[in-house]
Structure formats: C-alpha cells, structure tokens
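Just so it is clear, the model here is predicted, and its values are computed rather than measured. Because only heavy atoms are used, hydrogens play no part in the values below, and waters and symmetry mates are left out as well, while side chains stay in. Naming: A, B, ... by sequence-line order, numbering from 1 per chain.
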There are 2 protein chains.
Amino acid sequence: MKKERELYREFLKSKDLKFTKPRLIIMEAVFENHEHFNVDDLYEQIRKKHKNVSRATIYRTVPLLVESGLIKQSLRCESKDIYEHTYGHENHLHFICVNCGKIIESGFNDVAELINQLAEKKKFKISEYNLGARGLCENCQKNKEQS
Amino acid sequence: MKKERELYREFLKSKDLKFTKPRLIIMEAVFENHEHFNVDDLYEQIRKKHKNVSRATIYRTVPLLVESGLIKQSLRCESKDIYEHTYGHENHLHFICVNCGKIIESGFNDVAELINQLAEKKKFKISEYNLGARGLCENCQKNKEQS
DNA sequence: CACTTTAATGAGAATGAATCTCAACTGCAC
DNA sequence: GTGCAGTTGAGATTCATTCTCATTAAAGTG
Ligand SMILES: [Mn+2]
Ligand SMILES: [Mn+2]
Ligand SMILES: [Zn+2]
Ligand SMILES: [Zn+2]
C-alpha cells in the first residue's frame, strides 16, 4: 500500500518537483479505491476530508500522476476525461453500454500482443493505448428485444 | 460516389427527418475528402462555399451522420472530437505521435476478431470500437535520440 | 531553528468546445 | 398553393478545463 507513495515521491524528486501536502492528499485519494474516476469525483471525495484542496490543484496533479505511470487516461464518459490505475492493474479493454453506461472490463493480453506487432511494422513506439468498444450490455439487449 | 447520398436520404426518411439543404451540404462536405476531421475543420470548409450554414447545424448534423453509419467518432485530438468515414473504409486502428501529432493508420482484422471473441464471452453486443495508441513515430524517435 | 528562494497553491476569472434557445424559415404531405 | 411540424441561424449558455496572480510553503543553507 505504501509502494505507490514511494514511486510517486521518487518521480517528483526526479522531476525536481516538491512533495507537497496537496500532492500527497490527492494521490492518496486516487488510490483509496480502484474505480475509474474523473476529476469531479476526485474533488468531491477529497473535499469530504480536506476542505482546502482546490479543483485547480487536482487538475494540475492528475497529469503528474499520469506522467509518473501510476494512472492513465482512459475512455471519456459524459464529456469528462476519466482515469484509472495502471499501477497494480493488468492491461484491459472496456465495453461501454451506450444504453445504461455500464462499463465491462476484459483481459487484453492477446490483443496487446497483436497491437505490438502492428506497431513494430509501422516502426511506432507505443507508450500507451486505449481500446473502448461501444454497444449493448447483456441486460440492455434483453430489454431492447421486449420493447 | 452517389451511394452515400442515397444511404443518407434513406436513413433520414426512415427516421422521419427532412432531407434539407443544409443537411445535404454538410454531408457532401464530409465526403469531399477522406481525412479525419473535427467540426471546426468542417465549418471552415463549408463556409468557403456556403456563407449561411451555421456551426449549430453542423453540430446537429454530425451525430446524424454517425447514426446513419456513414461516419464514426474517432480519437480525440487537441480536445476536440474528431470523426472519420466508415462507409468505404476498412476498420483500422490509430497510432498517434504525442510529439508531432502524426496519425498512422493500421489494419485491424486480426485484432477485431479477438475483440469479437472477448465481447462474446461477456455477452456484449459491440456496435463500434476505437483503438488509439499514443507514442512516438519513427521520425520523432530518431530526433529524440539525437537530443 | 530562522532565513531565503522559488515552486506550488487557492480562488476565482477566462477559455472554448459543445449545447441550447427561440424567432424566422422550409420541406413536404395534402 | 396552404399549413404545419420540423429545421435552421445567430447568439446566448453551459461546463470541463486552463489560466492568473497574490499568498503560502517546501526544502536547502548555515
Ligand atoms: Mn478499466
Ligand atoms: Mn482513421
Ligand atoms: Zn446496458
Ligand atoms: Zn512524430
């Protein structure tokens, strides 16, 4: 549980950035649970305990967490950027139900291998990818049939 | 070359939507070339010939083109939604250079097959997917090495 | 522990893509 | 042609994200 914190601290040091209280608070909030999140969620969550952390600082800190490799930008939802952990999580893809908004995750290994092969062909050096598919989840398919 | 127009007309009729002049102008502009585009690009392009088509109408029409299946929403670029043709184009994925913004396309067939298998396992009915990888193109890799 | 320097922060203003409003206009069915 | 519901243009509005700037605090120094 402390590993992320150390990685983060090292990252900040390597970039000559200060290890400040807000940066710690934000990072800890991010790793309090393992759900996808957007900046607004995070802001609300943090505000419950720390009334003085500003939205601006969260917007400034999230890209640092991305750059550190602890989290990544994921699919967009309701016109907000959303993020998810990378540290401690397998690569995976998302199935997003256009009807109810449900997000289903699925393993990725075989797909990842293929993508790497394709990238190699194009001499492209991948740092990060996102795969999101839209469609209907099981429930919504059933509900559609009835109506 | 007229095929898209007919499909579009049929789509509009099937939805009880009128086949109006602005809707035609916008659709023709979209198919004037085969590049990825965003609404702003499209607006500028259309304005050269038609001074009276409003941005609002373009924003209203693009989702119709998406729903008709002629185009799809693709990756996001410079915080704008971007779109690309689906009609007459193979499924493909994008490699986006974070350094110079270059977009490289690559065939998708094997990947698509795997994804379909995964979706089937989750009983998810895919209507559309996007795969975008960020990283460095060949040129930018070389330039980075030097500096 | 002061002291100093410089980056970081909070609050609110600004930006800008996307959406909404509403009076004027137009397809299109009759 | 007439009528009417759907559509449009122009500008206002929304809202996620970014920016500004006066104030604060990290972290090195002695
Ligand atoms: Mn996920
Ligand atoms: Mn493409
Ligand atoms: Zn659903
Ligand atoms: Zn490049």
Side-chain angles (χ1 to χ4, degrees), chain A residues 5 8-30 36-68 71-83, chain B residues 5 8-30 36-68 71-83:
Chain A
R5 188 174 158 154
Y8 188 40
R9 171 175 244 139
E10 277 168 31
F11 166 77
L12 291 173
K13 180 162 280 178
S14 80
K15 288 269 173 182
D16 273 316
L17 298 170
K18 292 174 183 171
F19 191 65
T20 64
K21 209 176 293 181
R23 281 182 181 154
L24 178 58
I25 288 168
I26 292 164
M27 184 277 224
E28 284 181 339
V30 163
H36 299 157
F37 65 94
N38 61 41
V39 171
D40 238 41
D41 298 338
L42 195 52
Y43 179 74
E44 293 305 332
Q45 184 188 337
I46 288 169
R47 274 288 168 138
K48 284 178 192 159
K49 299 210 164 190
H50 303 94
K51 297 287 181 215
N52 54 340
V53 174
S54 87
R55 199 172 240 110
T57 301
I58 300 178
Y59 271 107
R60 284 185 286 233
T61 301
V62 162
L64 292 179
L65 286 164
V66 170
E67 203 189 340
S68 77
I71 68 174
K72 64 176 278 199
Q73 196 170 357
S74 180
L75 23 92
R76 211 151 201 276
C77 202
E78 293 165 329
S79 61
K80 291 170 194 159
D81 286 339
I82 86 167
Y83 300 88
Chain B
R5 187 173 157 154
Y8 188 41
R9 171 175 245 138
E10 277 167 31
F11 166 78
L12 290 173
K13 179 162 280 178
S14 79
K15 288 269 169 181
D16 274 316
L17 298 170
K18 293 175 180 169
F19 191 66
T20 63
K21 209 176 291 177
R23 283 181 180 154
L24 178 57
I25 289 169
I26 291 164
M27 182 280 224
E28 286 181 336
V30 163
H36 300 158
F37 64 94
N38 61 42
V39 170
D40 238 44
D41 296 339
L42 195 53
Y43 178 74
E44 291 306 330
Q45 183 189 339
I46 288 169
R47 275 289 169 137
K48 284 179 191 158
K49 298 208 164 185
H50 303 94
K51 298 287 181 212
N52 55 340
V53 175
S54 87
R55 199 172 242 110
T57 302
I58 299 178
Y59 272 107
R60 283 186 286 236
T61 302
V62 163
L64 293 178
L65 287 164
V66 171
E67 203 188 339
S68 78
I71 68 175
K72 64 176 278 201
Q73 196 171 358
S74 180
L75 24 93
R76 219 156 192 270
C77 201
E78 293 165 327
S79 61
K80 291 170 195 160
D81 287 338
I82 86 168
Y83 300 88

Round to a whole Å and report the spacing from NZ of K21(A) to C1' of dA8(C). 13 Å
Measure the spacing between CG of L12(A) and CE of M27(A) and express it to the nearest 0.5 Å. 8.5 Å
Distance check needed: dA16(D) P versus I82(A) CD1, whole Å only. 14 Å
Let me know the distance between NZ of K15(A) and C1' of dA7(C), rounded to the nearest Å. 16 Å
Distance in angstrom units between N38(A) CG and dC15(D) C1', rounded: 13 Å
From the options dA11(C), dC28(C), dG9(D), select the nucleotide whose nearest atom is closest to the side chain of R47(A). dA11(C)
Look at all strands and tell whether D81(B) reaches a base, only sugar-phosphate, or nothing, counting heavy atoms closer than 4.0 Å. sugar-phosphate
Between S79(B) and R9(B), who's closer to the 5' end of DNA chain C by nearest nucleotide? S79(B)
At under 4.0 Å between heavy atoms, what does D16(A) touch on the DNA or RNA strands: base, sugar-phosphate, or nothing? nothing
On DNA chain C, more 5' by nearest nucleotide between L17(B) and A56(B) is A56(B)
For R9(A) and F19(A), indicate whether the former's side chain and the latter's backbone hold a donor-acceptor pair under 3.5 Å. no
Write down the distance between CD1 (I25(B)) and P (dT8(D)), rounded to a whole number of angstrom. 10 Å
Kindly say whether, by distance alone, the side chain of K80(A) makes a donor-acceptor pair under 3.5 Å with the base of dT17(D)? no
Find the distance R60(A):CZ to dC21(D):P and express it as a whole number of Å. 14 Å
Nearest whole angstrom, please: distance from the P of dT8(D) to the CD1 of I46(B). 12 Å
Return the nearest nucleotide to the side chain of K18(B); candidates are dG27(C), dT17(D), dT8(D). dG27(C)
OP1 or OP2 of dG12(C) less than 4.0 angstrom from a side-chain nitrogen or oxygen of R55(A), does that happen here? no
Nearest-Å distance, OH (Y43(B)) to C1' (dA18(C))? 14 Å
Please state whether the base of dG27(C) and the side chain of R23(B) form at least one donor-acceptor pair under 3.5 Å? no
Can you find a pair of side-chain heavy atoms, one from K15(B) and one from E67(B), that are under 4.5 Å apart? yes
Any side-chain N or O of Y59(B) less than 4.0 Å from the OP1 or OP2 oxygen of dA18(C)? yes
Would you classify D40(B) as touching base, sugar-phosphate or nothing, given that sugar-phosphate means primed atoms plus P, OP1 and OP2, and contacts are heavy atoms under 4.0 Å? nothing
Within the pair T20(A) and dT9(C), is there a side-chain N or O less than 4.0 Å away from OP1 or OP2? yes
Which is it for R55(A) and Y59(A) under the side chain to side chain donor-acceptor pair (under 3.5 Å) test, yes or no, and what are the steps along the way? CA-CA 6 Å; R55(A) 199 172 240 110; Y59(A) 271 107; 5.4 Å; no
Can you check side-chain contact (heavy atoms from CB on, under 4.5 Å) on I26(B) and I46(B), steps first, answer last? CA-CA 7 Å; I26(B) 291 164; I46(B) 288 169; 3.8 Å; yes
R76(B) (side chain) and dT17(D) (base): donor-acceptor pair under 3.5 Å: no
Side-chain N or O of S54(A) versus OP1/OP2 of dG12(C): is the shortest distance under 4.0 Å? no
Under 4.0 angstrom, heavy atoms only, what part of the nucleic acid is V39(B) near: base, sugar-phosphate, or nothing? nothing
Are L17(B) and R23(B) side-chain neighbours, meaning at least one heavy-atom pair lies under 4.5 Å? yes
